[in-house]
Amino acid sequence: MAPGFPKRSVWLIAYTLAVTLLCVFVFTGNGLIDTAAFLALLVPLFIASDFDKCDPRVGMPVFAFVLLCALPIIGMRNTFYLDVAIQVGIFAVLALGLNIVVGFAGLLDLGFIAFFAVGAYLWAIVSSPHGAALLGVGFPLQGDAFFVVAVAAVFVAAGTGALLGLPVLRLKGDYLAIVTLGFGEVIRVLANNLDKPVNITNGPQGIAAIAQPLTEVAGALATTTAPAFKWQALIYYAVVLTLVLVAVLANRRLDSSSIGRSWLAIREDEIAAQAMGIPLVRTKLIAFATGAAFAGTMGVLFAAKQTFVSPESFDFNQSIGVLAMIVLGGLGSIRGVMMGAGLVTILNLQVLKSLSAGLNHLRATGFEIFGWSFANLPTQFEPSKYERLIFGLILIAMMLYRPRGLVPAQRRPISAKNAGRVS
Amino acid sequence: MSFQLALELLPPTLADGLILGLLYATIALGYTMVYGVLGLINFAHSEIFMVGAVVAVELLTYVLAGSSLHPVAQLVLAMIVAAAVSAALAGLAERIAYRPLRRSNAPKLAPLITAIGISLFLQDAVRFVESLFGQFIRPFPSMPFFDIPLPLTPNDSVPMKSLVILIVAGAMLAGLRYTVNQTRLGKAIRAVATDRMAASLMGIDVNRIVMLTFLIGGALAGVAGTLYALQFGRVDPFSGFIPGLKAFTAAVLGGIGSIPGAMVGGIVLGLIEMLIGTFVPILTNNAIGTEYKDIFAFGILILILIFKPTGLLGRPSTEKV
């Protein structure tokens with residue numbers, strides 16, 4: 001074996017290929033087994049991204065292979081998995097955005113999903129028939145305007161963040177948490193009630209028939225075996241992947257920049273930071289607006305992908321879900337946050353649902369264990385309905401036993417000579 | 001809107017606002033006590049309050065309903081049990097989720113995050129237990145005694161329950177003020193609130209005092225929950241969230257850490273909310289509906305925090321390095 005090419009790498013490659021082949025050729029149609037195979041495929045992503053333990057020369061190709069090759073192939077066979085991957089991507093970017101606010105700058109934001117809602121409603125209103133009735137000539141915008149609006153959402157959401165931040169960022173952390181919590185509620189109330197006197201959000205019914213980007217491309221690629229909706233999902237997957245990449249790079253650059261250092265200083269000791277000449281309000285405001293910008297962009301994507309938005313998608317649960325992701329992964333740790341986003345989203349979308357379905361199946365068949373029949377299991381016992389309970393336990397357990405998360409953030413020393421460079 | 005109509009609507013609105021304000025105030029007491037002692041926002045307080053309300057409703061529905069006790073006696077019993085359960089829960093939260101974090105070198109946000117965790121856990125745990133026995137939205141049992149009208153003005157009346165809430169809330173405030181200002185325990189609580197380290201050097205068992213603070217705050221939340229269920233006629237696992245948020249707003253409005261402040265803040269917030277909820281829809285011809293009263297409440301919170309962060313009755317705090 002060549003030096004610098006350790007046995008572990010061979011195992012990693014072998015495992016990745018084996019699982020990919022398994023996923024591609026042995027699709028049983030059984031939810032539980034397929035889910036397990038799909039989850040097994042995500043493990044290499046985690047291992048390959050750990051450059052301390054895994055040689056990047058091996059890790060990077062494995063990483064790229066899973067994301068660019070294996071996942072799209074499986075996704076084209078069964079778009080559900082592509083959907084899961086897209087959701088994970090959306091939440092990963094949200095989590096990276098919140099990571100800037102909570103992880104880097106140490107400002108607890110409990111209404112983060114509000115900025116996501118701003119982006120989602122922005123695209124929903126400008127691109128749906130509902131919005132056309134409101135805005136008049138020239139609307140609704142076609143799907144092609146998606147990319148322009150996605151960029152616009154960066155500024156709209158950042159502006160909203162700054163607007164909220166200006167009055168409240170002078171406060172101490174605890175107050176900020178409550179105010180952002182209140183702000184999250186306010187946005188939800190507005191979304192629910194702004195159907196009168198002027199119908200802007202269409203109230204609890206939500207806005208439907210939202211335009212999708214690049215539909216003509218998907219249409220052109222469509223064949224009998226791969227209809228347009230599959231290509232559409234693949235397009236979203238590509239867009240999400242790009243955005244995740246941008247978000248990760250932005251996070252890394254910001255972390256190492258002078259503003260990132262200021263955030264860290266504020267997080268650790270506000271008074272000391274101020275004494276060192278860091279402008280508190282401005283630095284916090286930048287963190288708040290940057291985080292919001294991430295969420296706003298993803299909101300646009302979310303609205304386009306769902307083609308429907310309603311206030312329900314933006315409740316307190318969602319804010320807490322994103323918080324649970326970054327706490328689980330590790331505050332301030334980019335790799336940890338990504339992993340947290342993956343774990344929580346998959347837990348929500350797949351594991352809990354599969355578990356519920358499995359339990360229902362056992363209940364229906366009256367399966368017995370140690371003389372106790374599953375038929376006795378109360379029907380209320382459905383894990384997928386109790387995500388709050390699970391999030392709650394995650395938050396408590398993590399803070400008590402691993403307060404720095406599953407993948408703790410590394411303190412990277414930066415010498416004066418290298419200051420500002422990305423290591 | 002005619003002046004006449006406004007004049008007619010004013011007394012019942014003020015009465016409702018006062019009652020709502022007292023309810024906020026009783027919840028706010030728990031927030032303000034824990035904050036005073038630990039500097040911690042006990043997010044789980046709203047759920048501890050909710051559990052108290054649920055326990056009281058279940059007790060009145062299933063245990064006390066058939067008894068021949070006077071309704072007031074039934075309510076008092078329910079309050080005592082609810083207070084005990086809520087206090088136990090608050091104590092448990094302190095023991096499991098807050099105390100270990102004070103000892104370890106945990107991140108600053110840690111207690112806040114565990115508090116949110118407890119609050120989420122309790123919401124779903126209660127929902128699960130309740131749904132095992134049917135609906136998780138529980139109506140307050142019908143007790144005609146509390147609906148007996150008492151004359152307020154020649155045209156208006158308030159139900160008996162308003163008087164009950166007024167008396168109980170008043171007693172809670174008076175009792176708490178007495179405990180904090182006149183007793184040995186109160187002295188210890190104030191000492192810990194002022195300086196934890198110095199208090200422990202003076203021989204005060206800080207953990208015991210913190211635990212007692214949580215127990216008192218929890219018990220108050222249990223009573224407040226009972227009153228809330230009585231006033232609004234139903235509880236569900238999520239009915240703690242918004243009142244908790246409002247009560248916290250009230251505590252900040254009055255000056256967090258101050259007991260009379262919590263009371264004043266609660267009443268002011270309750271009155272403002274009711275006045276806005278009643279008159280703004282009329283003034284704007286329903287263009288801005290009652291639903292917006294929450295937005296006004298949070299708007300007030302933000303304004304207070306900008307212009308008078310110490311609240312109406314709070315003492316200005318100096319930053320210590």
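Values reported hereafter were calculated over all heavy atoms of this structure, with side chains retained and with hydrogens, waters and symmetry mates removed. Keep in mind the model is a prediction, meaning the values are calculated, not measured. By convention in this document, chain letters (A, B, ...) are assigned in the order of the sequence lines, proteins followed by strands, and residues within each chain are numbered from 1.
- Considering only heavy-atom pairs separated by less than 4.5 Å from chain B, the leading option among A:Gly392, A:Ala397, A:Ala324, A:Pro403 is A:Gly392.
- Both the backbone and the side chain of B:Ile113 come within less than 4.5 Å of a heavy atom of chain A.
- With chain B as the partner, the residue from A:Asn317, A:Val102, A:Leu181, A:Leu164 showing the most heavy-atom pairs under 4.5 Å is A:Leu181.
- There is no contact between B:Leu122 and chain A, counting heavy-atom distances below 4.5 Å.
- The choice from B:Asp294, B:Ile118, B:Leu303 that makes the most heavy-atom pairs within less than 4.5 Å of chain A is B:Ile118.
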Begin with the C-alpha distance, continue with both residues' side-chain angles, and end with the deciding distance and a verdict on side chain to side chain contact (heavy atoms under 4.5 Å, CB included) for B:Tyr292 and A:Leu190.
-> CA-CA 8 Å; B:Tyr292 286 92; A:Leu190 284 178; 3.7 Å; yes

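- Contact detail for B:Ala97 and A:Leu400: the closest heavy-atom pair is O-CD2, 4.2 Å.
- Between A:Met399 atom CE and B:Leu101 atom CG the span is 8.0 Å, to the nearest 0.5 Å.
- In this structure, the portion of B:Phe238 lying under 4.5 Å from any heavy atom of chain A is its side chain and not its backbone.
- For an aromatic pair to be called close, the ring centres must be under 6.0 Å apart, and A:Phe183 with B:Phe298 fails this.
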List the steps, then state whether side chain to side chain contact (heavy atoms under 4.5 Å, CB included) holds for B:Leu120 with A:Leu389.
-> CA-CA 6 Å; B:Leu120 296 173; A:Leu389 193 136; over 6 Å; no

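- A cation-pi arrangement, defined by a distance under 6.0 Å to the six-membered ring centre and an angle within 45 degrees of its axis, is present between B:Arg127 and A:Tyr386.
- Contacts of A:Arg404 with chain B are made by side-chain atoms alone, with heavy-atom separations under 4.5 Å and no backbone atom involved.
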N/O donor to acceptor pairs below 3.5 angstrom from side-chain atoms of residues 106-115 of chain A, sequence neighbours left out:
{"from": "A:Asp109", "atom 1": "OD1", "to": "A:Gly111", "atom 2": "N", "distance (Å)": "2.9"}
{"from": "A:Asp109", "atom 1": "OD1", "to": "A:Phe112", "atom 2": "N", "distance (Å)": "3.4"}

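- A distance of 7.5 Å separates CD1 of A:Ile320 from OG of B:Ser119, quoted to the nearest 0.5 Å.
- Heavy atoms of A:Leu194 lying under 4.5 Å from chain B belong to its backbone as well as its side chain.
- Note: A:Phe391 CZ to B:Asp124 CG = 10.0 Å, rounded to the nearest 0.5 Å.
- Heavy atoms from other residues, nucleotides or ligands lying under 6.0 Å from CD of A:Gln205 number more than 12.
- Contact of A:Val186 with chain B is made through backbone and side chain together, with heavy-atom distances under 4.5 Å.
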